[in-house]
Amino acid sequence: VEGEGITLTLADPIAADGALPRETSGNQIRVVTDADLQQLVNLLWQSGAEAIAVNDYRLGMQTSIRTAGQTILIGINSIESPYVIKAIGNRNTLADAVSAERQPMLYESYAESGIYPQVAKSDSIRLEAAVSGDVAHARRSE
C-alpha cells in the first residue's frame, strides 16, 4: 500500500559513555518496550491510520507486538532499536495524534529516560503487504 503518512522513530537511550541511563527511582534501565510500541500503534489506528509497519514488518489483524525475554517481537520477527513506525493516512492527523502537545505525559515519561520520539511527515510512504495467517482447521458453527 502507498500513500501519505508519518514515520515515528524511537530509540533506546544511550548515555555519553555508551551506557544506558538509569531512572532516578532505582537501578532499572528504562528502554523502549513492547507496551510503548503498542500504545503508539493504537493511537495511530484510533487516528485513522490505514496501514502500519514497525521496522518494516507490516501489522495485520492478528499481528502481535510483544516481548520474549529481552527481545521485542512483531509477530514472530525480532526487532531492535531504533524502532521505526510507519503509518499511512492523513499525515497531519497522525502526526498530531502522537505529538508532544497531545501526549504530554507520555513524552514527559520518555524524556525522563532519555527517549526522544521523532515524527516526520511524508508525501509518500510504501508498505509491503501484511503476512496473512494460514487457517489449518476450521469448522462451521451450528
Determine, stepwise, if the pair Val1 / Glu128 fulfils side chain to side chain contact (heavy atoms under 4.5 Å, CB included). CA-CA 7 Å; Val1 71; Glu128 296 300 319; over 6 Å; no
Start with the C-alpha distance between Arg102 and Asp96, add both sets of side-chain angles, then the distance that settles salt bridge (charged side-chain N to carboxylate O under 4.0 Å, His left out), and finish with yes or no. CA-CA 7 Å; Arg102 289 280 298 272; Asp96 184 56; 2.6 Å; yes
Could you walk me through whether Gln39 and Leu106 pass the side chain to side chain contact (heavy atoms under 4.5 Å, CB included) test, one step at a time? CA-CA 10 Å; Gln39 182 176 22; Leu106 182 62; 3.3 Å; yes
Does Thr9 form a side chain to side chain contact (heavy atoms under 4.5 Å, CB included) with Ile85? I'd like the steps, not just the answer. CA-CA 6 Å; Thr9 305; Ile85 302 171; over 6 Å; no
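Under the 4.5 Å side-chain heavy-atom criterion for ILVMFWY residues, a single connected hydrophobic cluster contains both Ile52 and Leu40. Under the 4.5 Å side-chain heavy-atom criterion for Ile, Leu, Val, Met, Phe, Trp and Tyr, Leu44 and Val84 are members of distinct hydrophobic clusters. Connection of Tyr110 to Tyr83 is established within a shared hydrophobic cluster, with ILVMFWY side chains joined at heavy-atom distances below 4.5 Å, either directly or through further cluster members. Linking Ile, Leu, Val, Met, Phe, Trp and Tyr residues whenever their side-chain heavy atoms come within less than 4.5 Å leaves Tyr57 and Leu73 in two separate clusters. Linking Ile, Leu, Val, Met, Phe, Trp and Tyr residues whenever their side-chain heavy atoms come within less than 4.5 Å leaves Ile125 and Val119 in two separate clusters.
Within the 4.5 Å cutoff, the side chain of Asp56 has heavy atoms near those of the Lys86 side chain. Counting only heavy atoms from C-beta outward, the side chains of Val54 and Val41 approach each other to under 4.5 Å.
Looking only at atom types and distance, the side chain of Asp36 has a donor-acceptor partner in the side chain of Thr33 under 3.5 Å away. No side-chain donor from either of Glu4 and Ser122 sits under 3.5 Å from a side-chain acceptor of the other.
For Arg30 and Asp12, the salt-bridge test fails: no basic side-chain N is under 4.0 Å from an acidic carboxylate O.
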